[in-house]
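Notes follow the structure.
Both counts, for ligands and for their atoms, begin at 1 and track the order of listing. The first residue of the sequence shown is numbered 1, and numbering continues consecutively from there.
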Amino acid sequence: MNFLILNETGLATARRLQTELGGVIHGFDKRVKAADVRPFDDAAAALRDCFASGQPLIALCAAGIVIRHLAPVLGDKHSDAPVLALAEDGSAVLPLLGGHHGANVLARRIAKILEIAPAITTASDTAYAVSLDEPPQGWRLANPSDMKAFVAELRAGATVQIEGEADWLRAGDLPLADDGALRITICDTPLQGDGQHLVYHTQNLALGVGCERRAAADELIQLIAETLAAENLSPLSLVGIFSLDLKTDEAAVHAAAAHFDIPARFFDLAALQAQEARLANPSEVVKREVGVSGVAEAAALAAVDACGGGLLVEKRKSQRATCAMARADDIIDPTMLGRPRGHLAIVGIGPGRADWRTGAAEAALRQADIIVGYGLYLELIADLVADKDCRAYELGEEEARVAAAIELAASGENVALVSSGDAGVFAMGALAHELLDRDDTPAHWDRVSLELLPGISAMQAAALRVGAPLGHDFCAISLSDLLTPREVIVRRIVAAATADFVIAFYNPVSKRRRDLLALARDMLLRHRPEDTPVILARNLGREGEQVRALPLSELQVDDVDMLTLVMIGSSETRARMRGDGSWSIYTPRGYAAKQTALTEEV
Ligand code: SAH
């Protein structure tokens, strides 16, 4: 969560809350000076950034300021993150947005800490001390679109009769009457409901599934839907889809989970074997194959084991899939059962600047629970991951770093592995794939879900600083001889030189290796004019960025370090200094800009 403060009074209040609630404090640079406060100089931008992060935002300032600045970026009420206005002195707290996404709950917590009354304004919350459109975990509202009409009648004085059991409903102040004109039904059978009738489904049905490798998602979804219909059960009563850990990466299981909007969780073999005696349809064939006599029934039973309950729907089969359902005696919390499929996002964070990161990369970092990366890169994204579990590694520990990230994801965690630039360019992406592809790769490693998020690579950043040197054919060569034999590197330099590519040299020098760059320059001088433009781009997008341009004949190895990207133009690359002193270095696309060449682009 984020706190936003404009002055020292706000700081004291925010600190009081931060000790209890955690979170990051953002302070107006001119008025708040404190080492642990993230500074900003534009309140409107800071408010919008915090809001865009999707995390709860507590703004210690006038509600009007928040409303005015966030108005242009508001989404719809179902997706907005919680936003609260809090008086600087802590005397009033007002949930402005996301009342049903936790803002009301958060306002109540804050009010309790500050010993004040929260200013809750959502209709059913204030009047009836119960949140009808945000039932507690374990219940799902079947007809949310009827809520408005229902609450309107309630406000007009109608009474309510409740069918079924739900403590939270009876604990509120709803005007209950056995002959109420309004009805609320709690059940696990499919029911329509309307503006005078709300239907809540208790989430106490555990769905166990099994299927053959790469079974079609549609087949599994159809089998589940038909089974629910045949048994007169509502899909909204499903609490989770459960299976054996061998199936952790089974696409059909995840597609079904997404279809029914429930989590997919996986048990190890021992947990399923513990259910052997309770299976209604044990199969010797299945036992020989996977070690337990029925995956679907055993998984459903394992899910309800802790809170009591039994098999409700015995195994049903389609051609390549099976499903079964168990009913729990109580509400189930699926996050406590088995493991989810772990996720590894391999994220390119660009050269360094926050505004050179892609939206997708930022979203992946925000969603991850654990961030793994080289210490310097973690500092570059501190604004996004400060309150997360960050695991910093030293340079040179690449394999250990990637292996640790994969192992964490394989144990069910949601992990982001961070690379500078693009994660697929001389970076962790290929190493991760390689580690998953070895003969001795542990089987559970390859079951993680893997996602690569794009980043701006150093050569793109270097190019845009001086013009468009990559406007025609180019290549990238790493001069690091740690993993590539020198002969191979030299052969590639010769090939690039003779083919007249623009060349981006990554890892141009190291402390130990300084000769390859000199060799490259000398070889290139045999094929290109002495005044071929060279770009030395150091610390791009980071503090102390330096970008220089010079003729190839003047390239000195001592001007280059490990943090530099060296780009050498082709024989066609032109360099011109513009009137304002900036560079215009570009490689035209052809000798003559013919119409055909231009139309190709679009
Ligand atoms: N994945 C990265 C490359 C990592 S290899 C990317 O796509 O950019 C490391 C080399 O990249 C460095 O030796 C340097 O040559 C180059 N590099 C990476 N970040 C840089 C930056 N911010 N400024 C200049 N060069 C950079």
Side-chain angles (χ1 to χ4, degrees), residues 345-358 360-361 364-365 372-382 393-399 401-402 405 416-434 452-466 469-470 474-484 489 492-493 496 502-518 520-521 534-549 555 557-568 583 585:
I346 304 180
V347 184
I349 60 167
R353 282 167 56 141
D355 60 355
W356 282 1
R357 295 195 290 246
T358 69
L365 290 172
V372 179
Y374 167 46
L376 170 72
Y377 301 159
L378 296 184
E379 280 167 33
L380 293 173
I381 50 167
Y393 282 75
E394 297 293 321
L395 212 57
E397 297 177 329
E398 282 77 19
E399 188 164 334
R401 198 188 312 162
V402 178
L417 172 66
V418 172
S419 270
S420 85
D422 185 273
V425 176
F426 303 122
M428 301 295 110
L431 181 54
H433 279 273
E434 195 184 328
L452 277 99
L453 287 309
I456 294 179
S457 190
M459 68 179 170
Q460 293 165 285
L464 63 85
R465 282 300 194 215
V466 295
L470 303 180
F474 60 89
C475 67
I477 300 177
S478 167
L479 292 185
S480 171
D481 60 356
L482 286 179
L483 302 166
T484 312
I489 300 174
R492 287 187 184 150
I493 298 170
V502 174
I503 310 173
F505 285 117
Y506 285 73
N507 303 301
V509 296
S510 71
K511 283 204 189 87
R512 181 188 51 80
R513 164 186 48 80
R514 311 193 56 79
D515 53 339
L516 268 174
L517 183 62
R521 174 198 56 208
V534 171
I535 301 139
L536 303 184
R538 184 169 186 275
N539 266 331
L540 287 155
R542 300 180 192 161
E543 231 173 84
E545 173 178 304
Q546 292 166 344
V547 180
R548 289 175 54 200
L555 171 58
V557 176
D558 284 347
D559 292 340
V560 174
D561 69 4
M562 291 166 72
L563 295 171
T564 309
L565 185 290
V566 177
M567 190 176 292
I568 316 244
W583 280 109
I585 302 179

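With a 4.5 Å cut-off on side-chain heavy atoms, Leu365 and Leu453 do not count as touching. Side-chain atoms of Glu434 and Val402, non-hydrogen and from C-beta on, never get closer than 4.5 Å to each other. A heavy-atom distance below 4.5 Å is not found between the side chains of Thr564 and Arg548. Counting heavy atoms from C-beta outward, Tyr506 and Met459 have side chains that approach closer than 4.5 Å.
Residue contacts with ligand 1 for Leu563 involve N, CA, C or O but no side-chain atom from C-beta outward (heavy atoms, distance under 4.0 Å). Using a 4.0 Å cut-off between heavy atoms, Glu545 makes no contact with ligand 1 at all. The backbone and the side chain of Ser457 each have at least one atom closer than 4.0 Å to an atom of ligand 1 (non-hydrogen atoms only).
Looking only at heavy atoms of the protein, atom 18 (C) of ligand 1 is closest to Ala458 CB, 3.8 Å. Protein heavy atom closest to atom 4 (C) of ligand 1, with residue, atom name and distance, is Phe426 O, 3.5 Å. Of all protein heavy atoms, the one closest to atom 11 (O) of ligand 1 is Tyr506 CD2, 3.3 Å. Of the protein's non-hydrogen atoms, the one nearest atom 10 (C) of ligand 1 is Asn507 OD1, 3.6 Å. At the top of the distance list for atom 22 (N) of ligand 1, counting protein heavy atoms only, stands Leu540 O, 3.0 Å. When hydrogens are left out, the protein atom nearest atom 14 (C) of ligand 1 is Thr564 O, 3.4 Å; that is the closest non-hydrogen contact. With hydrogens left out, the protein atom closest to atom 19 (N) of ligand 1 is Arg542 NH2, 3.5 Å, a heavy atom.
Only one option out of Leu380, Ile349, Ile346 pairs with Val418 in a side chain to side chain contact (heavy atoms under 4.5 Å, CB included); it is Ile349.
Each of the following atoms of ligand 1 lies closer than 4.0 Å to a heavy atom of Val425: 1 (N), 2 (C), 3 (C), 7 (O). Per-residue contacts place Pro508 under 4.0 angstrom from the following atoms of ligand 1 (heavy atoms of the residue considered): 15 (O). Interface atoms of ligand 1 facing Met562, defined by a heavy-atom separation under 4.0 Å, are 12 (C), 13 (O), 14 (C). Below 4.0 Å from some heavy atom of Ala427 lie the following atoms of ligand 1, by number and element: 1 (N).
Residues passing the side chain to side chain donor-acceptor pair (under 3.5 Å) test with Ser419: none are found, sequence neighbours excluded.
Looking at Arg538 and Asp559, no side-chain N of the basic residue comes within less than 4.0 Å of a carboxylate O on the acidic one, giving no salt bridge.
The shortest N or O to N or O distance between Ser420 and ligand 1 is under 3.5 Å. Checked against a 3.5 angstrom limit, the closest N/O atoms of Ile456 and ligand 1 fall outside it.
Arg542 CZ: more than 12 foreign heavy atoms inside a 6.0 Å radius.
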